[in-house]
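Structure, as structure tokens:
Values below: every heavy atom of this structure, side chains too, minus hydrogens, waters and symmetry copies. Predicted model only: the values in this text are computed from it and were never measured.
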Amino acid sequence: MRVGIYPGSFDPVTLGHLDIIKRASNLVDKLYVAVIKNKKKKSLFTVEERLDMLERVTKDIHNVEVESFDGLTVEYAKQKDANVIFRGLRAVTDFEYELQIAQTNHQLNPKIDTVFLITNVEYAYLSSSIVREIASYNGEIDRFVPELVLEDIYNKFKKGESEYGYE
Ligand code: ADP
């Protein structure tokens, strides 16, 4: 059985992430989409909120499970018996950073490989930070995020919760 993990912040999940989730889920028997609990990185949504949004948008993909983890990604992968880490690549700017992480992870555990999926050109410019920025000005984000999470995002800014950690 092939098991993969797709780790990230997903703050919030975008259509770019969802595209990678769908494609990665076709390549393995089981895919864990995993929210990294990163204490150093401030986030707009709590881990629970991010999990909830991811669960709702992936509920029809039968082999996907949503979880969170802290600590090393390779340790989490090992725990899940996964031998593949999926990451998305949007542009050359992602490359150097991702290369470093993938090489480090491979050093830490040679049994685990990182597989990069190249973004769908439609989402090449899309990031969670762009979504947060546009939504903070009440701009239209329907082309960028799954419909199921639109309200969560607008509500977050309406409530003025953004000051808790918005970068
Ligand atoms: P991180 O903070 O770990 O980079 P993100 O939630 O920003 O977490 O991204 C998770 C993964 O999804 C990363 O591999 C990132 O490159 C990828 N990704 C983000 N946005 C897109 C997109 N629009 N198209 C393809 N991959 C993407």
Side-chain angles (χ1 to χ4, degrees), residues 1-38 41 43-45 47 50-51 53-69 72-135 139-150 153 167:
M1 171 146 147
R2 284 180 177 274
V3 181
I5 64 166
Y6 176 37
S9 310
F10 307 106
D11 187 37
V13 59
T14 68
L15 288 174
H17 294 133
L18 190 56
D19 179 54
I20 299 287
I21 293 172
K22 285 180 183 157
R23 288 157 60 196
S25 72
N26 281 329
L27 299 173
V28 288
D29 300 300
K30 177 92 192 177
L31 179 71
Y32 291 94
V33 177
V35 175
I36 307 167
K37 295 181 185 169
N38 188 339
K41 204 166 163 182
S43 60
L44 174 63
F45 290 93
V47 171
R50 284 179 270 160
L51 288 172
M53 287 188 277
L54 279 166
E55 262 157 24
R56 276 184 276 140
V57 303
T58 60
K59 72 171 190 316
D60 293 332
I61 315 174
H62 73 280
N63 60 341
V64 167
E65 207 165 307
V66 175
E67 292 193 344
S68 65
F69 73 98
L72 292 173
T73 305
V74 282
E75 283 305 315
Y76 172 71
K78 203 170 143 193
Q79 239 180 62
K80 297 277 120 189
D81 260 332
N83 50 6
V84 186
I85 298 171
F86 287 101
R87 296 286 288 175
L89 277 186
R90 280 162 295 190
V92 210
T93 39
D94 279 342
F95 183 75
E96 204 152 345
Y97 171 73
E98 294 290 346
L99 181 74
Q100 205 178 11
I101 296 179
Q103 282 171 336
T104 311
N105 284 341
H106 197 68
Q107 288 276 329
L108 291 172
N109 190 338
K111 286 189 194 143
I112 300 170
D113 263 308
T114 302
V115 169
F116 293 106
L117 296 181
I118 306 297
T119 184
N120 187 325
V121 70
E122 217 182 317
Y123 308 127
Y125 56 89
L126 182 54
S127 65
S128 297
S129 61
I130 284 183
V131 169
R132 295 195 297 266
E133 182 77 15
I134 300 175
E140 276 185 27
I141 52 167
D142 13 347
R143 274 174 298 141
F144 308 134
V145 300
E147 208 184 326
L148 284 167
V149 302
L150 269 176
I153 301 171
E167 316 151 349

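- One finds the CD atom of Glu133 at 12.5 Å from the CD1 atom of Ile141 (value rounded to the nearest 0.5 Å).
- Taking the side chain to side chain contact (heavy atoms under 4.5 Å, CB included) definition, one finds that Asp60 meets it with nothing, sequence neighbours left out.
- Here the closest non-hydrogen pair linking Met53 and Val13 is CB-CG1, 4.3 Å.
- The CG atom of Leu54 sits 10.5 Å away from atom OG of Ser68, with the distance rounded to the nearest 0.5 Å.
- The ring-ring contact (aromatic ring centres under 6.0 Å, His included) search around Phe69 returns Tyr76, not counting sequence neighbours.
- Residue pairs meeting the side chain to side chain donor-acceptor pair (under 3.5 Å) criterion with at least one partner in residues 15-38, sequence neighbours excluded, are Thr14-His17, Asp19-Arg23, Lys30-Glu65.
- Sorted by first and then second residue, the pairs that involve residues 78-101 and meet side chain to side chain donor-acceptor pair (under 3.5 Å), not counting sequence neighbours, are Glu67-Lys80, Arg87-Glu98, Arg90-Asp94.
- Note: Leu27 CG to Phe86 CZ = 5.0 Å, rounded to the nearest 0.5 Å.
- Side-chain atoms of Arg56 never come within 3.5 Å of backbone atoms of Val149 as a donor-acceptor pair (strictly under, hydrogens ignored).
- Summarising the geometry, atom CG belonging to Asn63 is positioned 10.0 Å from atom OG1 belonging to Thr58; distances are rounded to the nearest 0.5 Å.
- Between atom CD1 of residue Ile153 and atom CZ of residue Phe45 there is a gap of 5.0 Å, rounded to the nearest 0.5 Å.
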Does the pair Asn105 and Ile112 meet the rule for a side chain to side chain contact (heavy atoms under 4.5 Å, CB included), with working shown? CA-CA 8 Å; Asn105 284 341; Ile112 300 170; over 6 Å; no
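- Closest non-hydrogen pair, Leu126 versus Gly16, comes out as CD2-N, 3.8 Å.
- The two residues Asp11 and Leu44 have their closest heavy-atom pair at OD2-N, 2.8 Å.
- Contact annotation: the side chain of Val64 approaches that of Val33 to within less than 4.5 Å [non-hydrogen atoms, C-beta and beyond].
- Within the structure, the side chain to side chain donor-acceptor pair (under 3.5 Å) test picks out the following pairs touching residues 107-128 (sequence neighbours left out): Ser127-Ser129.
- Side chains of Ser9 and Val35 form no contact here, defined as non-hydrogen atoms less than 4.5 Å apart.
- Nearest approach of Leu117 to Ala24, heavy atoms of both residues: CD1-N, 3.8 Å.
- The line from CG of Leu99 to OG1 of Thr104 is 9.0 Å long, rounded to the nearest 0.5 Å.
- Shortest non-hydrogen contact noted between Pro146 and Leu15 is N-CD2, 3.7 Å.
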